[in-house]
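Shown next, in structure tokens, is the structure this report addresses.
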Amino acid sequence: MSRYNVKETEARWQAEWDKRGCFAAREGGTKPKYYVLEMFPYPSGRIHMGHVRNYTLGDVVARYKRAKGFNVLHPMGWDAFGLPAENAAIQNKVHPAKWTRENIAAMRDQLKSMGLSYDWSREVATCEPDYYRHEQKMFLDFLKQGLVYRKESWVNWDPVENTVLANEQVIDGKGWRSGVAVEKRLLAQWFLKITAYAQDLLDELDRLDRWPERVRLMQENWIGRSEGLRLTFALEGRDQGVEIFTTRPDTLFGASFLAIAANHPLAQELARNDALLAAFVAECNRMGTSEEAIETAEKKGFDTGLKAIHPFIAGRTVPVYIANFVLMDYGTGAIFGCPAHDERDLEFARQYGLDVIAVVAPAGADPATFAIGDTPYLDDGRLIHSDFLNGLNVAQAKKAAIERIEQMGQGHRTVNWRLRDWGVSRQRYWGCPIPIIHCASCGIVPVPEKDLPVVLPEDVGFDKPGNPLDHHPSWKNVPCPTCGKPARRETDTFDTFFESSWYFARFCAPVEGQAFTKSAVDYWMPVDQYIGGIEHAILHLLYSRFFTRALKDCGYLSVREPFAGLLTQGMICHETYRGADGAWLFPTEVEKGADGRTVQTGSGQAVAVGRSEKMSKSKKNVVDPEGIIATYGADTARLFMLSDSPPERDLDWTEAGVEGAWRYINRLWRMASEPPQPIAAIGQPMPDLTPAGLALWRLTHKTIAGVTDDLDRFHFNKAVARIRELSNGLADLPPDTPGLGWLERNVLEVIVRLAGPMVPHLGEALWRELGHDDLLVDAAWPLPDPALLVDDTIVVAVQVNGKLRGELSLPLDVDKTIAEREALALANVQAAMAGKAPKRVIVVPNRIVNVVV
RNA sequence: GCCCCAGUGGCGGAAUGGUAGACGCGGCAGACUCAAAAUCUGUUGACCGCAAGGUCGUGUUGGUUCGAGUCCGACCUGGGGCACCA
């Protein structure tokens with residue numbers, strides 16, 4: 001018996017594809033182009049199961065489209081700048097560049113062992129100057145185009161480490177390493193005007209019809225367009241008023257306070273002369289910058305003592321608070337509070353004993369008695385207690401209130417966006433230097449294009465806190481390009497989303513001297529199918545959409561949208577294990593004991609098995625793909641990734657599931673290498689077949705049609721199920737079936753071609769075993785014979801009052817009256833009708849007959 | 001807190017509003033074997049029944065429909081995102 005040798009087979013065909021350059025992409029030709037791209041990985045050191053899933057999905061699409069006759073581009077590279085490299089530098093005393101390059105080399109080998117159909121000649125690493133130099137030029141072009149500006153912005157500041165912290169480095173309001181309370185600090189930073197494209201980014205979402213609905217919704221909410229009113233409240237005893245933004249100008253008569261952000265200029269001003277207030281502002285600033293931290297914190301306010309004058313009610317004033325739930329970045333950093341019709345405002349009002357005045361009541365409610373209890377009234381209704389607005393509905397009242405304010409000259413209708421401009425400055429070393437020089441006399445001076453790239457120096461140390469670029473003597477201090485006097489470089493680097501916002505374009509033509517050639521980008525872009533994790537649903541995808549527009553407006557390329565199709569995969573989960581001492585255990589540290597219970601390997605102690613959760617290092621419920629590939633081969637890992645769950649859902653990694661995939665691969669190999677009858681030669685005419693043989697041949701064509709449809713819709717798990725069904729059908733034929741040799745040849749060839757994109761190494765091996773000299777990767781996708789897709793008889797279900805009572809075998813498209821007559825004649829149907837006459841009979845052709853009595 | 005998604009056998013899942021549970025995993029029984037592994041065959045939602053067949057069943061609950069896992073409303077549970085992780 002010729003046992004399937006995975007190691008040898010996989011290595012052999014990987015070498016063969018490589019030798020022949022099967023996956024090198026070239027522009028042009030008569031075939032339609034197809035660009036399939038998976039999100040490139042951060043080179044953390046080893047691939048994890050999430051990568052295996054992501055890249056398997058992409059590879060199936062790439063190989064399938066190639067077989068279907070497309071000119072496919074399928075590249076891979078490395079998102080190589082980022083925080084983990086710096087953390088490794090500090091913890092392990094290894095330079096980020098060395099660490100990153102070694103990780104890339106290791107991960108490239110791992111990816112190559114998966115047999116992925118990449119055009120490796122296009123590989124890029126974003127940490128190399130020949131990559132990032134182009135984005136420095138882009139930044140300068142954006143600057144010329146008016147898409148870049150500088151402003152002060154708040155960051156998490158660790159006062160001990162003297163450094164800016166990422167949100168993930170802030171744990172319970174404290175620095176992860178120092179353990180001291182994090183402060184907010186203002187720093188001058190660079191911003192890209194993504195808000196200039198807000199309307200366009202929103203409008204175009206509707207046309208991204210091959211994106212998941214939920215991703216589009218998340219982006220829509222993120223962009224957060226809202227129409228409302230900007231209104232300036234005058235303050236008693238002060239010249240300057242406070243400008244607020246509201247989406248509910250209809251509730252102005254219910255206003256009972258104003259609230260401004262702790263970072264609002266007015267709050268800053270007042271805090272200078274008020275120690276208590278300054279302490280409160282400082283407390284707010286310790287909260288962290290994330291929206292989650294702000295929204296979940298207890299609502300707190302500080303009464304400034306100032307009174308704001310109500311625009312509509314003569315003599316009415318409301319107190320002005322500084323509140324921890326008002327965001328400086330949204331609207332004007334100030335709101336008016338109407339507790340009756342807003343949840344946060346109500347909570348705040350109850351806490352500080354402020355008025356709750358209902359100004360909208362449900363239709364039919366009595367204005368005299370309608371009152372707000374524990375919950376605000378948020379629905380539409382009729383305006384009450386609101387002077388000229390009384391009796392209007394919410395929409396009418398908004399319009400009327402805005403018009404009145406505009407007449408008074410105190411404000412105007414406006415569109416507000418939740419979307420904020422993209423802050424791209426990072427106070428970090430391991431990133432792309434921002435090509436700017438600060439000169440005492442000339443101010444901000446862009447690095448001249450002839451001086452690009454600004455290369456990130458590698459001779460730095462990590463022993464001092466803060467950004468190493470700040471302590472670098474020669475790199476930081478340079479003459480001003482304009483006046484020649486001593487100046488200093490910008491020491492901030494770009495957000496790493498910068499690199500990932502255009503890498504898809506670079507892949508089209510990773511040439512020297514320019515970011516990409518326009519002709520190549522115009523040929524390949526947009527990406528036809530982009531595949532990656534749902535965790536990138538907003539930021540990366542939105543930044544890339546913005547960046548593509550900005551590049552277009554600077555003349556780099558011709559498309560507006562980078563990704564025409566998007567598939568977001570679910571996460572990989574695994575059971576969790578804890579030993580007797582409560583410590584997490586790796587799956588490799590546990591085994592099934594003799595009694596079927598899970599025990600710790602070696603000690604034999606009982607292990608508590610927890611539910612399946614997202615694989616994470618902290619819970620140790622991770623499985624290393626390298627071990628799986630070494631034991632079972634890449635095809636097994638790939639097949640399991642595809643067969644058990646639809647791609648967008650989470651996938652449970654189980655040893656049993658892997659075993660199942662492994663068994664199936666060996667089963668297919670045996671079917672070809674040890675067939676019950678000799679396999680017929682290539683090209684033999686179809687012999688006379690038995691009814692069972694003919695049914696299998698029909699099933700073969702239905703499988704071609706079904707798998708094709710499944711792959712087009714990314715239903716890979718169903719495609720695998722169909723292929724298994726077909727191979728079960730072939731195996732179920734008795735060994736003496738006439739014409740079996742012909743069926744083996746023709747059914748197996750279909751199975752091999754359909755399964756080829758999923759298990760490419762096995763596919764090539766079987767293709768050769770079946771006597772072909774060419775490669776399966778060059779074979780065309782099979783086409784079904786339409787005549788074999790329809791059956792002449794159909795089994796139709798018969799119901800009485802919606803309950804299944806029997807089945808009927810009927811000719812295809814039989815006349816309704818015949819179906820009805822046959823259904824009523826069934827003994828079981830008669831029994832269920834209990835002698836009653838049918839009131840109505842519903843006949844759905846070729847599907848169901850329902851008798852209603 | 002806000003936004004989004006998902007709940008179907010012991011498990012992963014399948015099902016254009018039309019026979020719920022395809023396919024796989026696991027279990028059980030059997031064949032092969034000195035034995036084991038591998039492989040093959042049968043069986044497998046629950047309950048009642050010798051059987052034919054029947055009753056129940058897609059997180060909970062109400063509705064629309066001849067017919068609901070699928071559509072609508074309310075709720076429960078789990079998961080993801082929330083702008084310096086990538």
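Lettering of chains follows the sequences in order, A, B, ..., and the numbering in each one begins at 1. Values reported hereafter were calculated over all heavy atoms of this structure, with side chains retained and with hydrogens, waters and symmetry mates removed.
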ask   = Can you tell which of B/rC4, B/rC84, B/rU41 lies closest to the side chain of A/Arg428?
value =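 Of all the options, the side chain of A/Arg428 is nearest to B/rC84.
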ask   = Which comes earlier along RNA chain B counting from the 5' end, the contact point of A/Tyr42 or that of A/Arg344, where each point is its nearest nucleotide?
value =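 Closer to the 5' end of RNA chain B: A/Arg344.
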key: Residue mapping more 5' on RNA chain B - nearest nucleotide basis, A/Met571 or A/Ser425   =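 Checking each residue's closest nucleotide, the 5'-ward one belongs to A/Met571.
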inquiry  = Check the orientation of A/Tyr132 and A/Phe81. Use parallel for under 30°, tilted for 30 to 60°, and perpendicular for over 60°.
reply    =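 A/Tyr132 and A/Phe81: tilted rings.
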Are [X] and [N] close enough that a side-chain N or O sits under 4.0 Å from OP1 or OP2?
X        : N      : result
A/Arg840 : B/rG67 : no
A/Arg420 : B/rA83 : no
A/Asn728 : B/rA22 : no
A/Arg214 : B/rC5  : no

Set out, line by line, the N/O atom pairs under 3.5 Å between protein and nucleotides 53-55 of chain B.
{"from": "B/rG54", "atom 1": "OP1", "to": "A/Arg805", "atom 2": "NH1", "distance (Å)": "3.2"}
{"from": "B/rU55", "atom 1": "OP1", "to": "A/Arg805", "atom 2": "NH2", "distance (Å)": "3.4"}
{"from": "B/rU55", "atom 1": "OP2", "to": "A/Arg805", "atom 2": "NH1", "distance (Å)": "3.4"}

inquiry  = Taking the P atom in each of B/rC28 and B/rA36, what is the distance between them to the nearest angstrom?
reply    =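 Going atom to atom, P in each nucleotide, I get 15 Å.
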query = If we take the C1' atom in both B/rG21 and B/rA29, what is their distance in whole Å?
reply = 23 Å
query = Are A/Lys193 and A/Asp421 ion-paired here, with the side-chain N under 4.0 Å from a carboxylate O?
reply = no
Matching residue for A/Arg426 among A/Thr493, A/Asp495, A/Asp492 - test: side-chain hydrogen bond (donor to acceptor under 3.5 Å, both in side chains) = A/Asp495
In terms of heavy-atom contacts, does [atom1] of [X] have more than 12 from other residues, nucleotides or ligands at under 6.0 Å?
X        : atom1 : value
A/Lys299 : NZ    : yes
A/Lys702 : NZ    : yes
A/Glu343 : CD    : no

Write out a two-atom table: protein N or O, nucleotide N or O from nucleotides 11-16 of chain B, distance below 3.5 Å.
{"from": "B/rG12", "atom 1": "O2'", "to": "A/Asp644", "atom 2": "O", "distance (Å)": "2.9"}
{"from": "B/rG12", "atom 1": "O2'", "to": "A/Ser645", "atom 2": "OG", "distance (Å)": "3.1"}
{"from": "B/rG13", "atom 1": "O5'", "to": "A/Ser645", "atom 2": "OG", "distance (Å)": "3.4"}
{"from": "B/rG13", "atom 1": "O3'", "to": "A/Asn717", "atom 2": "ND2", "distance (Å)": "3.3"}
{"from": "B/rA14", "atom 1": "OP1", "to": "A/Asn717", "atom 2": "ND2", "distance (Å)": "3.2"}
{"from": "B/rA14", "atom 1": "OP2", "to": "A/Arg649", "atom 2": "NH2", "distance (Å)": "3.3"}
{"from": "B/rA15", "atom 1": "OP1", "to": "A/Lys718", "atom 2": "NZ", "distance (Å)": "2.4"}
{"from": "B/rU16", "atom 1": "O4", "to": "A/Arg847", "atom 2": "NE", "distance (Å)": "3.3"}

task = Begin with the C-alpha distance, continue with both residues' side-chain angles, and end with the deciding distance and a verdict on side-chain contact (heavy atoms from CB on, under 4.5 Å) for A/Leu826 and A/Leu808.
result = CA-CA 9 Å; A/Leu826 288 176; A/Leu808 271 180; 4.0 Å; yes
task = Record whether the side chain of A/Asn850 comes under 3.5 Å of the base of B/rC66 through a donor-acceptor pair of N or O atoms.
result = yes
note = Closest non-hydrogen contact found for A/Met758 with A/Val720 is SD-CG2, 3.7 Å
task = Please test A/Phe191 against A/Trp422 for side-chain contact (heavy atoms from CB on, under 4.5 Å), starting from the C-alpha separation and ending with a verdict.
result = CA-CA 5 Å; A/Phe191 283 81; A/Trp422 175 15; 5.9 Å; no
